[in-house]
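Throughout, a chain's letter reflects where its sequence line sits, starting with A, and its residues are numbered from 1. Since the structure is predicted, the reported quantities are computational estimates derived from the model, not experimental observations.
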There are 2 protein chains.
Amino acid sequence: MKDNMKDNMKDSTKPRRPPNARDVAGLAEVSVSTVSLVLNGKAALRGIPEATIQRVMEAVERVGYRPNAMAAGLRRQTSDTIGFISDLIATTPHAGPMIQGAQDAAWEAEKILIIVNTGDDRSVQDRAIEMMLQRQVEGFVYATMYHRFVELPAVLREIPSVLLDCRSEDTTFTSVTPDEQSGAVAATEHLLSAGHRRIGYLQTNARIPAAMERLEGFKMALQSRGVDFDPHLVATGIDEFSGGFEAASSLLDLPTPPSALVCFNDRMAAGAFRAAHRRGMVIPRDLSVAGFDNEELVSLFTDPALTTVQLPHYEMGYWAVTNLLGQIAGTGAAGIRHRIACPLVARDSVGPPKDDPSSRDEN
Amino acid sequence: MKDNMKDNMKDSTKPRRPPNARDVAGLAEVSVSTVSLVLNGKAALRGIPEATIQRVMEAVERVGYRPNAMAAGLRRQTSDTIGFISDLIATTPHAGPMIQGAQDAAWEAEKILIIVNTGDDRSVQDRAIEMMLQRQVEGFVYATMYHRFVELPAVLREIPSVLLDCRSEDTTFTSVTPDEQSGAVAATEHLLSAGHRRIGYLQTNARIPAAMERLEGFKMALQSRGVDFDPHLVATGIDEFSGGFEAASSLLDLPTPPSALVCFNDRMAAGAFRAAHRRGMVIPRDLSVAGFDNEELVSLFTDPALTTVQLPHYEMGYWAVTNLLGQIAGTGAAGIRHRIACPLVARDSVGPPKDDPSSRDEN
DNA sequence: CCTGTTTACTCAAACGATTTACTATATCGT
DNA sequence: ACGATATAGTAAATCGTTTGAGTAAACAGG
């Protein structure tokens, strides 16, 4: 009676603490140790009979028990958490899949991601890293929205880290980036195979690895087919629609204009479309165009749809976390530089050159 | 000597445990209690002199101490973490700013976000929520990439939750959505002010709140200016470029076509551009067009640039977390339905009607 | 009956903080 | 000189798990 009253008092007064392992143990009439053992699948190893396991499971169900991950983590000295630092990915349209890839890889390993977008602000970044370390993240993914070189905060050296879509001078970091060069090779070869020999290149004026490597791929592809690279066919502008428009205009106004263009990115390619249209040219009849990035909207709005090269964002995100988990588990190596292929997405902006001298030779 | 040896052994054998409060206390020659007091700014209240505070801080610096958030959280029974469940936001281009807004609000309150993209998979969602609850999240933001009705898992009722860009039949949940209706009113009034009286509407065939509310706003704006709503001027299609193209085509082929179009979204508006161009019409001379969503790339590629209505993604994300934090702190109310205004972004796709009868009256 | 092994658990010490209650010394008013 | 008050701390309990070491009971073998 007295007990009963006390219980009732307790029930109504308590701020309703969520059930813990002790509650489960009480109900199942075992010790908390046993509960823990059962819940962690170590019951078999310790010779705990099926009947007891059942009792525990029922009790778990009955009280609605949910293990407290902080307590477990504290004891186990793990957090099952990885930190994802990015400059601006969440706000950048086509980089979102990186997060998805990272998340999927983490998910499969029962880890979760804590993501902070620093907006490229150093102090935010440093505080974010500090917060994550306090939360005992097991590793970092350091991601940028486009392939570039970064200066890394020194703390990243303390725990496993991988660079996603960026690189550092410090080669002890693992990094994963698009294989820009082979992507550009693919695009260029696609044009070469269509019969083009006089191919222009629309280059960005940004001094980033992507710029160098794509141009390099362009040159390599030409060379492998025995076509001379002509520097006059490279026009430079900002890597947006307007830059593409201007750069393409300058090439199309040449005495002998190119019959095809490889563009640093889709936006520039879209600018090239406009430049061609303004001159009464029809794509791909009068000009073939290949882009880079495979931005959904660009290919939706270019008419005909733009042939382009896809950046492997999802795959990079996935690879980054997979490698990171390897490092954390001690089974994977750090310091490797991984490149992921950029597949060509062939659509309708590429055709044979209008006056195709090679078609007589090669067809 | 023996001690020394043992210490050395320890030093070289130990897997290098990160420094904890005890280490700091030892160096500063105080108790761990004091260290905690100092680090939590409670030193003043407890009359701990400046000199001791200094000693502790120096020791913290010296050993590179970083408080373990899991241990603190366990003791304090808080995680300073909020869960962010979304269907597909990370992969949807224009919804990214929601995450940024949510993050910024969380950041200001020293909370961190754990984000999971469920890809609209129920089982992933349920597991994600379970994981988050185990990690003691203090509340949930449940977000969708476009404004729609959702069926919520029952567990969300257990702890504070807010719906971001979606709504539930259960009105005990706080929700924040775009004020679609007033956005459509703004766009329509913009056209009316330019002199248009015969305005078409390109509607999506998706049965979502955004569809109803935008159309409703369109009607309201007409009515408030005394213009009769003509159902024949509403054409329906899928909410993509192609749907816009087709729907606009059908309206433009009417015996007396509209002089302006309000479109469910920017993609349909872009389709309308193409339909107009195909008919030799020039925008905005022959047709004015207003969109909805303000997708960056669309406005970049439409020529002239598209006048549209912006969705307040960032603001919604920010508001959602702010309200959630209020609920968590017990100071904020739940169950409120908040709408955020959608500002008009006037660009160049709207002009006066070609043959403007009202310009004689009103100008 | 005694010893050794297996079975089926339990005990209690961690993990690393926070916080309440307590103590020891110094200072002050009377 | 005495009790009261302020000063400057500390000890120990606690949060909810995990886990290595331990143990009681049952059983087998001799």
>> Can you list everything that forms a ring pair (Phe, Tyr, Trp, His ring centres under 6.0 Å) with A:Trp107? Sequence neighbours excluded, please.
In response: none

>> Please report the distance, rounded to the nearest Å, between CG in B:Leu45 and P in D:dA6.
In response: 16 Å

>> Please report the interatomic distance CG(A:Asn117) to CZ(A:Phe84), rounded to the nearest 0.5 Å.
In response: 8.5 Å

> Which letters describe nucleotides 14-19 of chain D, given B = protein heavy atom under 4.0 Å from base, S = only from sugar-phosphate, - = neither?
Replying inline: BBBBBB

> Are side-chain N/O atoms of B:Ser168 and B:Asp170 paired as donor and acceptor at under 3.5 Å?
Replying inline: no

> Could you state the interatomic distance from CZ (B:Arg66) to CZ (A:Arg135), rounded to the nearest 0.5 Å?
Replying inline: 14.0 Å

>> Test side chain to side chain donor-acceptor pair (under 3.5 Å) on A:Arg127 and A:Thr118; report intermediate values, then the result.
In response: CA-CA 9 Å; A:Arg127 290 218 308 135; A:Thr118 63; over 6 Å; no

> Have A:Ser33 and A:Ser36 got a donor and an acceptor in their side chains that come within less than 3.5 Å?
Replying inline: no

> How sharply is the helix from C:dC1-D:dG30 to C:dT30-D:dA1 bent, taking the axes over five pairs at either end and rounding to 10 degrees?
Replying inline: 60°

> side chain to side chain contact (heavy atoms under 4.5 Å, CB included) with B:Gln327: which of B:Asn323, B:Leu325, B:Thr331?
Replying inline: B:Asn323

>> Distance check needed: D:dT10 C1' versus B:Glu29 CD, whole Å only.
In response: 15 Å

> With a 4.5 Å heavy-atom cut-off, do B:Asp165 and B:Met316 have their side chains touching?
Replying inline: yes

